[in-house]
Amino acid sequence: MTAAAPPVPPGACAPPPTATATATARTLTPVSKVLKLCLHALLLGLLALAAGRAVADSAPRAGWVVAACALLAAVYAAGVRAPAVHSSPRAGAVWLAGLGAAWAGLLLVSPDGLWIAFPLYFLELHLLRLRWGVAAVAVTACAAIGGFLAHSSAATPGAFLGPLLGGAVAVATVLGYQALYRESERRRELIEELITTRADLAAAERSAGILAERERLAREIHDTLAQGLSSIQLLLRAAERALPEGAPALPHIAQAREAAQDNLAEARRFVRALTPPDLEHGSLAAALERLCAGVPGPRVRFSLSGRPRVLPTPYEVALLRIAQSALANVVRHARAGRAEITLTFMDASVTLDIVDDGHGFDPSSAASATGDGGFGLPAMRSRAETLGGLFTVESAPGQGTAVAVTLPLPLDHPEHTDPVEAL
């Protein structure tokens, strides 16, 4: 029953009126439910005490006191059970006004009505916005002091200090509760964000590991099994040419060459299946063009020079990864406005150039990885040198950066294509 709840942050922090009751209902905790029950018991217990004292002392207005207590209890119960009080700040204010009127009637007939001021403080601070709640507490304290003085022949310091101190304690309690609640919510949000970030990081690391393993397997299959089967085919062809026509071994050699060719085709299918996703739906040039289009920040242009050739899978993977790493450095470190990637096919080599107009750096000081996940300058250089290529970096502070990679094309095929693809 939200209307009678103890001070909860949504009611006192002045959120939009339509969100007050919803936020309060959503954030109720077992502690706040216990406090609600305590508030109900406190108010009803004080009303029963005031009525009981009037009857026990045979007060002249005992009947009026009992009636006023019953009226106040009825108004309180009606508000607690009314859905409108739970959802509308205006209805809550109207209910507080009714409680205040019933309480004023009790103050007129009994000085014991002063006790009811304390639970009213919490109701006002909970149902009204903070500034209006504090104002209502001040008015309630003044009414309590006035009601007590009306029934007392002499003014004492306690008549003033009691209601004022009670109001101050109520305000301090509400503000402290709100501060603790906000801190708890911030910690909960941070924990949720941390859990989400850890899950995203684990997924990213798992994906990166899968891609790296796919590349490694493709490279191993290409460089060992496929190339070995290719060599076996070449040797078997040479053996066929060396044997005289009609030799008994020729059928066996032909059968062995067919088996090697079938296994070579199977190895080639494995290599293609393990190709990085960026290269699955097009050529290296198309993958580089898509890469340039998706770079955030600087404007990146892609250009192709020379007659495109089919490259071995390790060549395409290495050039694509180097381009991704270089562009990552441009975005993170270069503060460049423009960059350009050029893929050039020549008779005996293929070259990839990445140039930007950023603030540049001193290449001699970049002897270690840049910390961008393993794709720093040393990693790019290692990729190129593994394939027998040349990796160069030209840069100077304030003069941009140029990265160039040159890979020699395979020479055992007239078109400089992958010998595995040619067989």
Side-chain angles (χ1 to χ4, degrees), residues 200 204-205 207-208 211-212 214-215 275-346 349-387 389-407 409:
D200 293 342
E205 290 179 346
S207 177
L211 291 177
R214 288 176 60 177
E215 290 182 25
T275 299
D278 294 325
L279 296 172
E280 287 180 351
H281 306 291
S283 63
L284 173 62
L288 291 174
E289 192 168 2
R290 289 193 299 269
L291 175 64
C292 294
V295 172
R299 291 173 295 154
V300 183
R301 190 179 63 146
F302 171 74
S303 58
L304 179 64
S305 177
R307 182 169 64 90
R309 294 176 175 82
V310 178
L311 296 175
T313 298
Y315 281 53
E316 292 188 340
V317 171
L319 292 174
L320 178 61
R321 292 296 185 239
I322 290 173
Q324 290 174 331
S325 178
L327 284 182
N329 287 341
V330 170
V331 173
R332 297 178 186 177
H333 309 297
R335 300 178 187 173
R338 292 182 298 105
E340 182 172 355
I341 291 182
T342 304
L343 180 64
T344 305
F345 288 91
M346 293 177 283
S349 64
V350 59
T351 300
L352 180 69
D353 297 289
I354 304 99
V355 182
D356 67 74
D357 63 352
H359 59 59
F361 66 100
D362 182 7
S364 63
S365 65
S368 60
T370 57
D372 56 358
F375 294 121
L377 293 177
M380 288 188 273
R381 186 183 304 277
S382 175
R383 284 186 182 274
E385 293 177 350
T386 299
L387 297 174
L390 178 64
F391 178 83
T392 59
V393 179
E394 296 181 2
S395 182
Q399 297 183 12
T401 302
V403 174
V405 183
T406 301
L407 300 179
L409 292 176

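Note that the coordinates shown come from a computational prediction; the quantities given were computed from them, not determined experimentally.
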Would you name the heavy atoms of [X] and [Y] that are closest together and state the gap between them?
X: G360; Y: S395; result: CA-OG, 3.4 Å
X: L352; Y: A323; result: CD2-CB, 3.9 Å
X: Q324; Y: R321; result: OE1-NH1, 2.8 Å
X: A285; Y: F302; result: O-CE2, 3.7 Å
X: L327; Y: V300; result: CD2-CG1, 4.1 Å
X: R383; Y: A318; result: CD-O, 4.3 Å

Rounded to the nearest 0.5 Å, how far apart are [atom1] of [X] and [atom2] of [Y]?
X: L311; Y: L320; atom1: CG; atom2: CG; value: 12.0 Å
X: L387; Y: Y315; atom1: CG; atom2: OH; value: 5.5 Å
X: I341; Y: L304; atom1: CD1; atom2: CG; value: 12.5 Å
X: R381; Y: L390; atom1: CZ; atom2: CG; value: 8.5 Å
X: D357; Y: E340; atom1: CG; atom2: CD; value: 11.0 Å

Q: Give a yes or no on whether the backbone of A328 and the side-chain of H333 come within a donor-acceptor separation of less than 3.5 Å.
A: no
Q.
Donor-acceptor check, side chain of R309 to backbone of M346, threshold 3.5 angstrom: yes or no?
A. yes
Q) Listed by chain and number, what are the side-chain contact (heavy atoms from CB on, under 4.5 Å) partners of R299, not counting sequence neighbours? A) R338
(Q) Tell me every residue that passes side-chain contact (heavy atoms from CB on, under 4.5 Å) with T386, counting only those two or more places apart in sequence or in another chain. (A) S382
Does any part of the side chain of [Y], heavy atoms only, come nearer than 4.5 Å to the side chain of [X], both counted from C-beta?
X: M380; Y: N329; value: yes
X: F361; Y: L377; value: yes
X: L284; Y: V350; value: no
X: D356; Y: P298; value: no

